Enquirer: 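Following this message is one structure expressed as structure tokens.
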Protein chains: 2
Amino acid sequence: MKQKGIKIPEATIKRLSAYINCLERLDDKGYQVVSSELLGESCQVSPAQIRKDLSYFGEFGVRGVGYTTKTLTEQIKVILGLDRIWPTVLVGVGHLGHALLNFTFFREHGYRMVAAFDSDPRKIGTEVAEGLHIQPIEELVETSNREKAAIGIVTVPASSAQSTADLLVEGGVSGILNFAPFKVKVPEHVTLRNVSIVSELDNLAYLLSSKKPRRRRKKIK
Amino acid sequence: MKQKGIKIPEATIKRLSAYINCLERLDDKGYQVVSSELLGESCQVSPAQIRKDLSYFGEFGVRGVGYTTKTLTEQIKVILGLDRIWPTVLVGVGHLGHALLNFTFFREHGYRMVAAFDSDPRKIGTEVAEGLHIQPIEELVETSNREKAAIGIVTVPASSAQSTADLLVEGGVSGILNFAPFKVKVPEHVTLRNVSIVSELDNLAYLLSSKKPRRRRKKIK
DNA sequence: CGGGTATTGTGATAACTATCACGATACTCT
DNA sequence: AGAGTATCGTGATAGTTATCACAATACCCG
């Protein structure tokens, strides 16, 4: 067992999140116990990597046997802090925001969408997910504080990303997940993560253009 | 200058993509020339890191001066393969798919959406972006081949992610960007990248729950 | 109940990535 | 034109992350 000020690789955390999904899938398939090899195959990570990742946090398996699927799932959720409810607000209900609000995975992982905001007056009041009505930006700070929002999701255009982040900070959130293609700045006590969809595509483009020169299969002449 | 079979860190590619955005912003602000320090400040990367990243691909700056903003932007685009058009198809026009189809950034980076597919019969024929009408899944393979699609974006539910990927491969794409929370498998000649939005949020949850115990500011009593 | 087998947990090692420090060099100004 | 200054490019170094190999150990079976 470790976890005493030792720093955990970010990649490990990312994989832990993936393990949850794979474990749930394996559980559905009837595996009550999984080995690191089986889990590794399922989520395309080496068995050693999985064991190492888990070893940062304790001992969860039984030698010679493997891991109890359901138990391990629960334990990883505890590690990631998914054993509690995270009140979450979202700002910017465009298509992306709308998609996130209705993403059932979130609810399953403990994120509760407590409010959604948009600056477009025409959208105010619209029910965007069950029981969730769009509120004007002006109510962001007050509502966030009242609902004790812990996480703010930013899905506004780049031009208003910074002002949105500022309001969320004022609203008392501890973490911000930013989808806008603009590197916002937040006070030190607020944790920030940026998701850059364009960057992912660009990465793909790089791999395609640099790696393998390969031709499309044509009709055999 | 390098770039001769030397492997480039993936993180470098990710940053290069970010540099483009920052450079364009700085250009808008009137900077015709930028130093690694200025650029670094703008995109929150150390100056040394920027120079190192660029050094993998050549020499783009002038000692004592800096980089010509517009030129560097163009050169990074060449590095990433963004100096050409990438015919792209998208499968699964839910909210997320819809958001991506209308994301203007894509067009600016050279991705041309040539087709969109969905399995819902009610959506077929709907114009989802300018000049782009939703087609049935059944036409995926033929259309992709005809349009010489290079990239396929998967925004379908997890349950149909694998079958969608299979069709895209059959349709001749070289790369797949998968947003579904399911680790699809593709033949070796196809490059795959997964984007896990849940994983990003989980990462945030982990940081929040493990790092700093901090209390919400209440009214001063 | 003891040997055989499977599979974990982890220290050691290798591979990768970022940071640092400084030589190289182009522009500026007198 | 030469000294001074700014800033790049990069080899060396430090730090981080993944892989490996094997000791530890729990279950199975006769």
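Remember, it's a predicted structure, so these values are computed and weren't measured experimentally. Hydrogens, waters and symmetry mates play no part in the numbers below; they use all other heavy atoms, side chains included. Residue numbers begin at 1 in each chain, while the letters A, B, ... track the order of the sequences.
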Enquirer: Please list all pairs passing the side chain to side chain donor-acceptor pair (under 3.5 Å) test where one or both residues lie in residues 61-76 of chain B, with sequence neighbours left out.
Expert: B:Asp27-B:Lys70
Enquirer: Sequence neighbours excluded, which residues qualify as side chain to side chain contact (heavy atoms under 4.5 Å, CB included) partners of B:Val141?
Expert: B:Asn145, B:Leu167, B:Glu170
Enquirer: Within a strict 4.5 Å, meaning less than it, do heavy atoms of the B:Val154 and B:Leu177 side chains meet?
Expert: no
Enquirer: Under the side chain to side chain contact (heavy atoms under 4.5 Å, CB included) test, which residues partner B:Ala11, sequence neighbours left out?
Expert: B:Arg15
Enquirer: Quick one, which residues of residues 21-42 of chain A touch DNA chain C with a heavy atom under 4.0 Å?
Expert: A:Ser35, A:Ser36
Enquirer: Quick one: B:Phe60 CZ to D:dC8 P, roughly how many Å, whole number?
Expert: 14 Å
Enquirer: Nearest whole Å is fine: how far is C:dT17 P from B:Ile13 CD1?
Expert: 11 Å
Enquirer: Without decimals, in angstroms, what is the distance between A:Phe57 CZ and C:dG9 C1'?
Expert: 15 Å
Enquirer: Enter the inter-axis angle for the ends of the helix from C:dC1-D:dG30 to C:dT30-D:dA1 (five pairs per end, rounded to 10°).
Expert: 10°
Enquirer: Strictly under 3.5 Å: I want the nitrogen or oxygen pairs between protein and nucleotides 22-24 of chain C, one per line.
Expert:
residue : atom : partner : partner atom : Å
C:dG23  : N2   : B:Arg63 : NH1          : 3.1
C:dA24  : O4'  : B:Arg63 : NH1          : 3.3
C:dA24  : N3   : B:Arg63 : NH1          : 3.2

Enquirer: Over how many whole Å does the gap from A:Ile50 atom CD1 to D:dC20 atom P extend?
Expert: 14 Å
Enquirer: Ignoring hydrogens and geometry, is there a side-chain-to-backbone donor-acceptor pair from B:Thr12 to B:Ile8 under 3.5 Å?
Expert: no
Enquirer: Tell me whether A:Asp202 contacts the main-chain N or O of B:Ser17 through its side chain, where contact means a donor paired with an acceptor under 3.5 Å.
Expert: no
Enquirer: So do B:Leu96 and B:Phe179 actually touch side chain to side chain, heavy atoms under 4.5 Å?
Expert: yes
Enquirer: Within this structure, what is the CG-to-P distance between A:Leu54 and D:dT19, rounded to whole angstrom?
Expert: 15 Å
Enquirer: Got a sec, which residues hit side chain to side chain donor-acceptor pair (under 3.5 Å) with B:Arg51, two or more places apart in sequence or on another chain?
Expert: B:Ser36
Enquirer: For nucleotides 16-18 of chain D, print each protein N/O atom paired with a nucleotide N/O atom at under 3.5 Å, atom names and distance only.
Expert:
residue : atom : partner : partner atom : Å
D:dA18  : OP1  : A:Arg15 : NH1          : 3.0
D:dA18  : OP2  : A:Arg15 : NH2          : 3.1

Enquirer: Could I get the full list of side chain to side chain contact (heavy atoms under 4.5 Å, CB included) partners for A:Lys29, not counting sequence neighbours?
Expert: A:Tyr31
Enquirer: Of all residues at least two apart in sequence or in a different chain, which pass the side chain to side chain contact (heavy atoms under 4.5 Å, CB included) check with A:Ser35?
Expert: A:Glu37, A:Leu38
Enquirer: For the pair made of CG in B:Leu16 and C1' in C:dT17, what is the distance, rounded to whole Å?
Expert: 14 Å
Enquirer: Could I get the full list of salt bridge (charged side-chain N to carboxylate O under 4.0 Å, His left out) partners for B:Glu10, not counting sequence neighbours?
Expert: B:Arg193
Enquirer: Assign the ring pair B:Tyr111 / B:His109 to parallel, tilted or perpendicular, where the plane angle (0 to 90°) is split at 30° and 60°.
Expert: parallel
Enquirer: Just grab all the side chain to side chain donor-acceptor pair (under 3.5 Å) pairs involving residues 84-101 of chain B, residues at least two apart or on different chains.
Expert: A:His95-B:His98, A:His98-B:His95, B:His98-B:Asn102
